[in-house]
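In what follows, a structure is listed as structure tokens, so that the remarks can point back to it.
Just so it is clear, the values below take in all heavy atoms, side chains as well, and ignore hydrogens, waters and symmetry mates. Start at 1 with the first residue, then count along the sequence. In listed order, ligands and their atoms are each counted from 1.
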Amino acid sequence: MWQATPASAPKPLIINQQLAHDLGIDLAELETPSGTDFLVGNLVLEGSTPVAMAYAGHQFGGYSPRLGDGRALLLGEMINVGGQRRDIHLKGSGRTPFSRGGDGKAVVGPMLREYIISEAMHALGIPTTRSLAVIATGDQVARETWLPGAVLCRVAASHLRVGTFQFAAQHEDRTLLQRLADYAIDRHYPHTRESDNRHLAFFQEVVTQQASLLAQWMLIGFVHGVMNTDNMTISGETIDYGPCAFMDAFDPTTVFSSIDHQGRYAYANQPHIAQWNLARLAETLLPLFADTQEKSVEVATAILLDFTAQYQSFWLTGMREKLGIMNEQNGDEELITELFDIMQAQKVDFTSLFRSLSSSVRGDSSLARALFTEPTAFDRWETSWHARLSLETTEGMAVADVMDLVNPIYIPRNHTVEAVLTAATEGDLTPLHQLLDVIAQPFKQRSGYESFATPAPPEFTHYQTFCGT
Ligand code: AMP
Ligand code: MG
């Protein structure tokens, strides 16, 4: 049991009305001063026992046996209107026994950033933790300068991480590990309970969920930025939006995080890192897989190696959809690779390009062509692509409509997000509300929102993001 540091003058910056509704929370009550006190950790509801969770983790490949919620608290759980169990969690709620040298605090900009990006991911259909509210604490927090403090109220399928298993596995007695694994099975993958080897079936499920999640990130140009094992969930939800960002011009080496000097978490490395993290999860579970270490390693390795094929299959299916291809043909992969090669060579905006392709199917190539400095390379590719599409049985217009359902027009673009956060930190919340309105419907073109679909101006090309801010 732990307590939040009281906020001196809490004030809601944003409350997620739809999510409150989905959780079965009375919005009118949430919007009262005591609702604010609840969301910032000042008021502990009856029956709630806030805890700081323990976990370990590999950070940039180096192992820390004890990380844990250094600035967060799990308030408790709720059953939402769909009957699903959800964690209610505060981030930025003050020091805990896991704070080490940190102050346990968070500031307005990064908490709103998590709110924006997580809600954008949700609207894009990608599994993610959600954001219920950001409350300004009224207190100043020491960073490079003094900044206004804030608490994010986060909602998640659970906060079980690969790092949670790493923490449990450190105990000599394997009872704790087994209890944790069985808890995770009951909570996330109850159907594996009946398997001959439930722990192996559970591991297999986590691998599949992560393969699917990583494919979805890659298909949308998302760079998580800090894929440490403590930032990877067992549920398969994206978690911990620190230095993450969406890529503008396509470049597989894209890194935004200021501390990722080696590019460990670069865009194209993400699936490999996910597999590496899953190997760390497998190591913790070995005692549960089989009677001998040798046998456990053998069965776990087979599942781990299969990650690559699963990821590739999810990705290829998703890429075909992005290109309006409904059935499979040999040569599809080459067609996709060719497109990425010319996008990379000509630094083409990822989101704009994929969105523009539906217009090409409708007979207007000008939008796509305009994105290339030397459009002849695109023209050649487009000819092969159209030839490929002619093998489809679905009619062109229907194909274009389906493409618009998977290629977003609006993502939270880095320059827009920065402008919104700067305004909000200075007290102007209007741009925040407008951006949230735009990203809530990422696939539907709306007039008046053209600027949200435009790539960053050239001076924004060296965008950097920061961890743990
Ligand atoms: P993150 O990179 O945000 O996933 O955090 C990594 C670890 O650092 C976690 O154990 C966090 O709880 C901890 N941490 C991050 N920021 C702070 C802070 N301001 N005070 C205390 N602990 C922190
Ligand atoms: Mg984290």
Original post:
Side chain, backbone, both or neither: which part of Phe98 comes within less than 4.0 Å of ligand 1 when only heavy atoms are counted?
Top reply: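 For Phe98, there is no contact with ligand 1 at all, from either part.
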
Under 3.5 Å between any N/O of [X] and any N/O of ligand 1: does that happen in this structure?
X      : answer
Gly104 : yes
Asp103 : yes
Gly68  : yes

Give the atom numbers and elements of ligand 1 that come within less than 4.0 Å of a heavy atom of [X].
X      : answer
Arg100 : 7 (C), 8 (O), 9 (C), 10 (O), 13 (C)
Gly102 : 20 (N), 21 (C)
Leu67  : 10 (O)
Gly70  : 12 (O), 20 (N), 21 (C), 22 (N)
Arg143 : 19 (N)
Asp240 : 4 (O)
Gln59  : 6 (C)
Lys105 : 19 (N)

State whether [X] and [Y] are salt-bridged, where the test is any N-O pair (Lys NZ or Arg NE/NH1/NH2 against Asp/Glu carboxylate O) under 4.0 Å.
X      : Y      : answer
Arg187 : Glu77  : yes
Asp103 : Arg143 : yes
Asp349 : Arg355 : no
Arg161 : Asp240 : yes
Arg413 : Asp248 : yes
Arg446 : Asp437 : yes
Glu114 : Arg154 : yes

Decide whether the shortest distance between a heavy atom of [X] and an atom of ligand 1 is less than 4.0 Å.
X      : result
Met53  : no
Ala72  : no
Gly242 : no
Asn231 : yes

Original post:
Looking only at atom types and distance, does a side-chain atom of Asn269 sit under 3.5 Å from a main-chain N or O of Arg264, one as donor and one as acceptor?
Top reply: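 Yes, because the side chain of Asn269 sits within donor-acceptor range (under 3.5 Å) of the backbone of Arg264.
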
Subject >> Residue His433 excluded, over 12 heavy atoms near NE2 under 6.0 Å >> reply: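 Atom NE2 in His433 is packed in, count exceeds 12.
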
Original post:
More than 12 foreign heavy atoms under 6.0 Å from CZ of Arg179: is that the case here?
Top reply: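 At most 12 heavy atoms, drawn from other residues, nucleotides or ligands, come within 6.0 Å of this atom.
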
**OP:** Show your reasoning for whether side chain to side chain donor-acceptor pair (under 3.5 Å) applies to Arg130 and His122.
**Re:** CA-CA 7 Å; Arg130 303 288 305 277; His122 172 72; 3.2 Å; yes

Subject >> Pairs touching residues 43-55 that satisfy side chain to side chain donor-acceptor pair (under 3.5 Å), sequence neighbours left out >> reply: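 Output for this query is empty, none listed.
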
Original post:
Is any side-chain heavy atom of Met121 less than 4.5 Å from a side-chain heavy atom of Glu119?
Top reply: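 They are not in side-chain contact.
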
Subject >> Flag for Asp87-Ser158: side-chain donor and acceptor within less than 3.5 Å >> reply: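 No, Asp87 and Ser158 have no side-chain donor paired with an acceptor closer than 3.5 Å.
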
**OP:** Under 2.8 Å from the Mg ion (ligand 2), how many protein N/O/S atoms do you get? Just the number, please.
**Re:**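 Count of protein N, O, S atoms less than 2.8 Å from the Mg ion (ligand 2): 2.
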
